[in-house]
Amino acid sequence: MASIFTKIINGEIPSYKVAENEDYLAFLDINPNASGHTLVIPKKEENKLFDLSKEAYLSLLDFSYRVAKAIEKTIPCERVGMSVIGLEVPHVHVHLIPLNGMSDIQFTKKVTLKEEEFISLATKIANNFE
Ligand code: 5GP
């Protein structure tokens with residue numbers, strides 16, 4: 001069965017996209033730890049990060065680097081943190097999270113954003129993506 005992220009790639013489930021190319025998609029996490037919390041996924045569905053070929057792994061990190069730079073330009077924060085978990089959604093994804101403290105990377109404290117806030121954040125990050 002297709003993962004929920006494959007459904008996002010196929011447009012069956014809506015998302016707030018921030019960057020996309022032939023192989024990768026970046027979009028806002030729907031239940032963010034912090035404003036600007038973004039997920040970067042390969043379009044080719046794979047369960048675990050370290051099941052990727054080394055080439056695919058490095059390529060995913062390369063795309064994530066560019067997305068992180070766009071987040072840094074957009075969201076005032078101490079730094080952008082990166083985490084890979086995958087216990088909820090078995091489709092490789094890199095979490096990129098604007099951090100102002102440890103609690104922002106612990107997946108316990110969540111922020112609630114309105115639809116217009118998601119749209120505005122996604123647009124601003126997308127405009128800073130190079
Ligand atoms: P993990 O698998 O790394 O533990 O967490 C999966 C992440 O995906 C969570 O942060 C969760 O909020 C996010 N997520 C789950 N379903 C959706 C969805 O349908 N849309 C978006 N944008 N994010 C989702």
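All values below come from the heavy atoms of this structure, side chains included, with hydrogens, waters and symmetry mates left out.
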### Task
Might you confirm whether atom NZ of Lys48 has over 12 heavy atoms from other residues, nucleotides or ligands at distances under 6.0 Å?
no

#### Entry: Spacing of Ile9 atom CD1 and Leu25 atom CG [to the nearest 0.5 Å]
6.0 Å

### Query
Are the aromatic rings of Tyr16 and Phe118 close, with centres under 6.0 Å apart?
yes

### Passing option when Phe27 is tested against Thr38, Leu39, Val40, Val67 for side-chain contact (heavy atoms from CB on, under 4.5 Å)
Leu39

### Query
In a check of side-chain contact (heavy atoms from CB on, under 4.5 Å) between Ile71 and each of Ile97, Val18, Ile125, which one passes?
Ile125

### Message
Within the structure provided, determine whether Leu28 and Ser15 are in side-chain contact (heavy-atom separation under 4.5 Å).
### Response
no

## Note on the structure
d(Phe129 CZ, Phe63 CZ) to nearest 0.5 Å is 4.0 Å

### Task
For Thr74 and Ala70, work out which heavy atoms get closest and say how close.
OG1-O, 2.5 Å

### Message
Nearest 0.5 Å, please: how far is CD1 in Ile75 from CG in Leu99?
### Response
12.0 Å

### Query
Are the side chain of Asn21 and the backbone of Asp23 linked by a donor-acceptor contact shorter than 3.5 Å?
yes

### Query
Leu61 versus Met82: any side-chain heavy-atom pair under 4.5 Å?
yes

### Query
Ion pair present between Lys43 and Glu22, side-chain N to carboxylate O less than 4.0 angstrom?
no

### Message
Test your reading of the model: is there a side-chain donor-acceptor pair from Ser103 to the backbone of Gly101, 3.5 Å cut-off?
### Response
no

### Task
Could you tell me whether a side-chain N or O of Asn33 sits under 3.5 Å from a main-chain N or O of Asp104, the two making a donor and an acceptor?
yes

### Task
Mind checking the CD1-CD1 spacing from Ile30 to Ile13? Nearest 0.5 Å is all I need.
10.0 Å

### Task
Would you give the length of the straight line joining atom OG of Ser35 to atom NZ of Lys124, rounded to the nearest 0.5 angstrom?
10.0 Å

### Summary
Between Cys77 and Asn100 the two heavy atoms that sit nearest each other are CA-OD1, 3.4 Å

### Query
With no hydrogens and no angle check, is any side-chain donor or acceptor of Arg66 less than 3.5 Å from a backbone partner on Glu130?
yes

### Message
So does Ile119 get a backbone contact from the side chain of Thr123, meaning a donor-acceptor N/O pair under 3.5 Å?
### Response
yes

Considering only distance and modelled atom types, tabulate donor-acceptor pairs under 3.5 Å from the side chains of residues 86-93, sequence neighbours left out.
{"unit_1": "His91", "atom_1": "ND1", "unit_2": "Ser3", "atom_2": "OG", "d": "2.7"}
{"unit_1": "His91", "atom_1": "ND1", "unit_2": "Thr6", "atom_2": "OG1", "d": "3.4"}
{"unit_1": "His91", "atom_1": "NE2", "unit_2": "Pro42", "atom_2": "O", "d": "2.8"}
{"unit_1": "His93", "atom_1": "ND1", "unit_2": "His91", "atom_2": "O", "d": "2.6"}

### Summary
Distance col, row Thr112:OG1 vs Lys114:NZ, nearest 0.5 angstrom, shows 10.0 Å

### Message
If you compare all heavy atoms of Asn31 against all heavy atoms of Asp29, which two are closest, and at what distance to 0.1 Å?
### Response
N-OD1, 2.8 Å

### Nearest atoms (heavy-atom pairs only) where Ser59 meets Tyr24
OG-OH, 2.7 Å

